Amino acid sequence: MCACRTDTTEDIASLVYQATSQIPEGMVTTYGDIATALGDRVASRAVGEILSKNEHPLIVPCHRVVYSTGEVGWYGGRDKGSERKIELLEQEGVHIVGGKVQDFATRRFRDFCIDPVLKWMRDEQDRMAAQVIEEDTFGKLEYIAGLDVSYEGENAFAAIVLMDWEHMKMVEERTIQCKITFPYIPTFLSYREAPAIRRLIEKRPGAVYLIDGQGVLHPRGAGIASRIGVGLDIPTVGAAKSVLVGSVQDVDADSSPILLDGRIRGWALRQGSKATYVSVGHRVSLDTATRICSRALKHGIPQPLRRAHELANRARREAST
DNA sequence: GCGACAG
DNA sequence: ATCTTGTCGC
Ligand SMILES: [Mg+2]
């Protein structure tokens, strides 16, 4: 057992390195085991990405982290294969037979002592979800805004585009640049993008904010749109380019309900090959959220979101010039 | 090779 | 999300 809990939100990467450093010589673990120690196995790929950038290969023994199948996996770059990794493990008494760890089950170390931050985040998501209001609690609709983020490594460019609801004309646009170190982990997107997005929002009466990602159409009902909505107490809509949870009833229809736990929790809006998956963020009914996105839809994407996406990309390209 | 868990 | 030539579709 272990009861470590960091006082501040520690960087995920340093927790991964902490865990990796706890693997004893002669033992191995998996990316999923480290993710589980972080609090959620869905982070396994993020763990792999972090370890692939390990700058101290022998001090932080990432060669002791293998696939859940027992396969060794690559080391020192995908192009370099697993030769070196096998060599290091053999030196430590871990035998590799047919590309797999021999006696994998007994060699497997899982007794990590790191702060399970993702568990605390899940708890927070549960609390957020309980605060979501799925009704229209804003005045007359005057504006819709779209928000998105573009990346160049840890350099992030967030953009907002505000449009007039009646004439669907652009009213305002703005971008910011910032560093984002929190990795992309499915179901935890808001911890990566919400801080940047929040900085762009100045509460404007009559505005509904469309956010690139899910609202309540999330395993815990706390997608990025809901988290931002509840956090800032503003009307938000989740408008995603793909599905996270739930099933689209009619995949071919221009408009189809998305069911989750036997209830309609979202709508799929399609234009040709492109689709937008709409769900309530906060303080908006599903009906209103869907109407807003439908009317603003262009090329399968609500216009303010499409423009915010383009704007964020433009800001990124212009910055690297 | 398939299926795939937002960005 | 990004890596990226030529390709595909409206
Ligand atoms: Mg995005």
Side-chain angles (χ1 to χ4, degrees), chain A residues 12 31-32 35-36 40-50 52-53 68-69 77-79 118 121-122 125 128-129 146-159 177-198 210-229 236-248 251 258 260 265-281 289 293 297-302 305-306 308-317 319-320:
Chain A
I12 295 286
Y31 298 97
T36 301
D40 200 320
R41 204 186 55 183
V42 296
S44 56
R45 288 198 294 276
V47 169
E49 274 171 37
I50 288 164
S52 75
K53 294 175 186 109
S68 63
T69 55
R78 207 177 208 109
D79 49 323
L118 296 180
M121 290 174 182
R122 277 211 310 276
Q125 287 177 328
M128 282 277 165
L147 291 136
D148 196 15
V149 186
S150 170
Y151 300 88
E152 184 185 38
E154 291 188 346
N155 244 342
F157 301 83
Q177 177 178 5
C178 58
K179 287 270 186 279
I180 294 182
T181 56
F182 195 94
Y184 168 67
I185 301 172
T187 73
F188 294 95
L189 173 66
S190 67
Y191 292 89
R192 175 170 170 78
E193 297 194 339
I197 290 174
R198 271 194 288 252
L210 312 186
I211 292 159
D212 185 24
Q214 311 292 344
V216 297
L217 223 35
H218 176 278
R220 291 170 288 282
I224 185 166
S226 296
R227 188 146 176 272
I228 290 172
T236 59
V237 170
K241 294 182 289 298
S242 63
V243 177
L244 176 63
V245 289
S247 59
V248 179
V251 181
I258 303 171
L260 184 64
R265 304 289 288 168
W267 282 81
L269 304 178
R270 178 174 302 281
Q271 266 181 348
S273 61
K274 282 207 163 62
T276 290
Y277 303 92
V278 182
S279 61
V280 170
C293 290
L297 215 62
K298 194 173 177 180
H299 304 298
I301 306 168
L305 265 183
R306 196 170 130 263
H309 185 79
E310 289 169 351
L311 183 58
N313 279 331
R314 215 178 307 139
R316 168 167 55 83
R317 294 192 200 108
S320 63

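Letters A, B, ... are given to chains in the order of the sequence lines, protein chains preceding strands, and every chain is numbered from 1. Source: prediction; values computed, not measured. What you see below is based on every heavy atom in this structure, not just the backbone, and it leaves out hydrogens, waters and symmetry mates.
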Here the distance between atom P of C:dT2 and atom NZ of A:Lys241, to the nearest Å, is 10 Å
query: Does a side-chain N or O from A:Asn313 land closer than 4.0 Å to OP1 or OP2 of C:dT2, or not?
result: yes
Rounded to whole Å, CG of A:Leu118 lies from C1' of B:dC5 at a distance of 14 Å
> Touch check for A:Thr187, heavy atoms < 4.0 angstrom, all strands: base, sugar-phosphate only, or nothing?
Replying inline: base
A:Gln125 atom CD is separated from B:dC5 atom C1', nearest whole Å, by 13 Å
Whole-Å distance, A:Arg192 CZ to C:dT2 P, equals 10 Å
At less than 4.0 Å, is any side-chain N or O atom of A:Ser190 found next to OP1 or OP2 of B:dA6? Yes or no. no
Here the distance between atom P of B:dA6 and atom CG of A:Leu244, to the nearest Å, is 6 Å
**Message:** Does A:Arg41, at its CZ atom, have more than 12 non-hydrogen atoms belonging to other residues, nucleotides or ligands within less than 6.0 Å?
**Reply:** no
Original post:
With sugar-phosphate meaning primed atoms plus P, OP1 and OP2, does A:Phe188 contact a base, only sugar-phosphate, or nothing at under 4.0 Å between heavy atoms?
Top reply: base
The residue among A:Leu217, A:Val216, A:Thr236 that forms side chain to side chain contact (heavy atoms under 4.5 Å, CB included) with A:Val280 is A:Val216
Query raised in the report: Is there a side-chain contact between A:Lys241 and A:Thr276, using heavy atoms and a 4.5 Å cut-off?
Result: no
Q.
Any non-hydrogen side-chain atom of A:Ile185 less than 4.5 Å from a side-chain atom of A:Tyr191?
A. no
Rounded to whole Å, the CZ-C1' distance (A:Arg227 to B:dA6) equals 14 Å
To the nearest angstrom, the CD-P distance between A:Glu152 and B:dG7 comes to 21 Å
>> Over all strands shown, is A:Leu217 touching base, sugar-phosphate only, or nothing at heavy-atom distances under 4.0 angstrom?
In response: nothing
_A quick test of your reading: do over 12 heavy atoms of other residues, nucleotides or ligands sit less than 6.0 Å from CZ of A:Arg198?_
yes
Rounded to whole Å, NE2 of A:His309 lies from P of B:dA6 at a distance of 15 Å
- request: Using a 4.0 Å heavy-atom cut-off across all strands, classify A:Val243 as base, sugar-phosphate, or nothing.
  value: sugar-phosphate
Exercise for the section: Look at the side-chain N and O atoms of A:Ser150 and state whether any lies under 4.0 Å from the OP1 or OP2 oxygen of C:dT2. Expected result: yes
* If only side-chain N and O atoms of A:Tyr184 are considered, is one of them under 4.0 Å from the OP1 or OP2 phosphate oxygen of B:dA6? -> yes
inquiry  = Strictly below 4.0 Å: does A:Arg316 bring a side-chain N or O up to OP1 or OP2 of C:dT2?
reply    = yes
